[in-house]
Student: 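Okay, handing you the structure first.
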Amino acid sequence: MTAKLNVNIDHVATIREARKTIEPSIITAAVICEQAGADGITVHIRGDRRHIQDRDIELLREVVTTYLNVEMAATEEMIGIGVRTKPDAISLVPENPNEITTEGGLDVSGNLETLKPAVEKLRDSGVFVSAFVDPITSQIDAAQSIGIQQVELCTGEYAEMTLGAKAAHGEGSVRAAREVERIRQAAVHGTSLGMKVAAGHGLTYRNVGSLAAIPEITEFNIGHNIISRAVFTGLYKAVEEMIGKIRKS
Ligand code: PXP
């Protein structure tokens, strides 16, 4: 079975918010992604609302017919939004107001007391709960221990090794291969605990293949690279091409 693709459409909203206007519409974006074959739509509602707004979640909940995955920090405000809007899945992520993008996995083992009630609230409301973690056994164990149903493995370090000059040099490709193995082992571990395993962050048309070949990874969340390509090719084609890369592996 090939892995599913959820397209992260945050950066369609980034363009809209650059002018605080109504276009481009993330609703249109979500529909085009689904028509092009995406298995789901992912958005990240941040504390600073730099791209996705509260109303976007409400509208997407009504429009998305595949699978709506909402990333958020486990704050009281966000968990309230999750319980009220009930997306299909909520992915708990760490959030630092000064970061350009999510910088790494959530420290689940170091925050069990605050995360456990948040997970319980979400699960009680019928939402499937995922956590974005680094590919580290202890974090996966901690996630499982508080009822988190899926881990999304952070592929940021792998992605970094596949970029530009680093990828062109031997050391970069050796480290990328090492990171693929670390992600594979984490995926096997998560599956052995009965969890679903997803992956994402920094994935591109060029680097997704090695991870798509890992059978334990059942879902990818990919955004920036698809939206970047869509600027030149159109969103439908950009999504189709990414699906092609995942299925070929
Ligand atoms: N998964 C998580 C948990 C993320 O925070 C992000 C970025 O919002 C992504 C996946 C998508 O990353 P990218 O935009 O680099 O594809």
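Just so you know, residue 1 is the first one in the sequence shown, and it goes up from there. Every number for a ligand or one of its atoms is a count from 1 in the order of the listing.
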Student: I'd like the contact residues of ligand 1, where contact means a heavy atom below 4.0 Å.
Tutor: Asn8, Asp10, Glu71, Val93, Thr102, Phe132, Glu152, His201, Gly202, Asn221, Ile222, Gly223, His224
Student: Counting only N and O atoms by type, is there a donor-acceptor contact under 3.5 Å from the side chain of Asp48 to the main-chain atoms of Arg50?
Tutor: yes
Student: Do the ring planes of His11 and His51 sit parallel (below 30°), tilted (30 to 60°) or perpendicular (above 60°)?
Tutor: perpendicular
Student: Can you pull out every ring pair (Phe, Tyr, Trp, His ring centres under 6.0 Å) where at least one residue sits in residues 83-126? Sequence neighbours excluded, please.
Tutor: none
Student: Whether the side chain of Thr155 engages the backbone of Tyr158 through a donor-acceptor N/O pair (distance < 3.5 Å, no angle test) should be reported.
Tutor: no
Student: Are Glu181 and Arg184 close enough for a salt bridge, meaning some N to O gap below 4.0 Å?
Tutor: yes
Student: Any sub-3.5 Å donor-acceptor pair from Glu34's side-chain atoms to Thr66's backbone N or O?
Tutor: yes
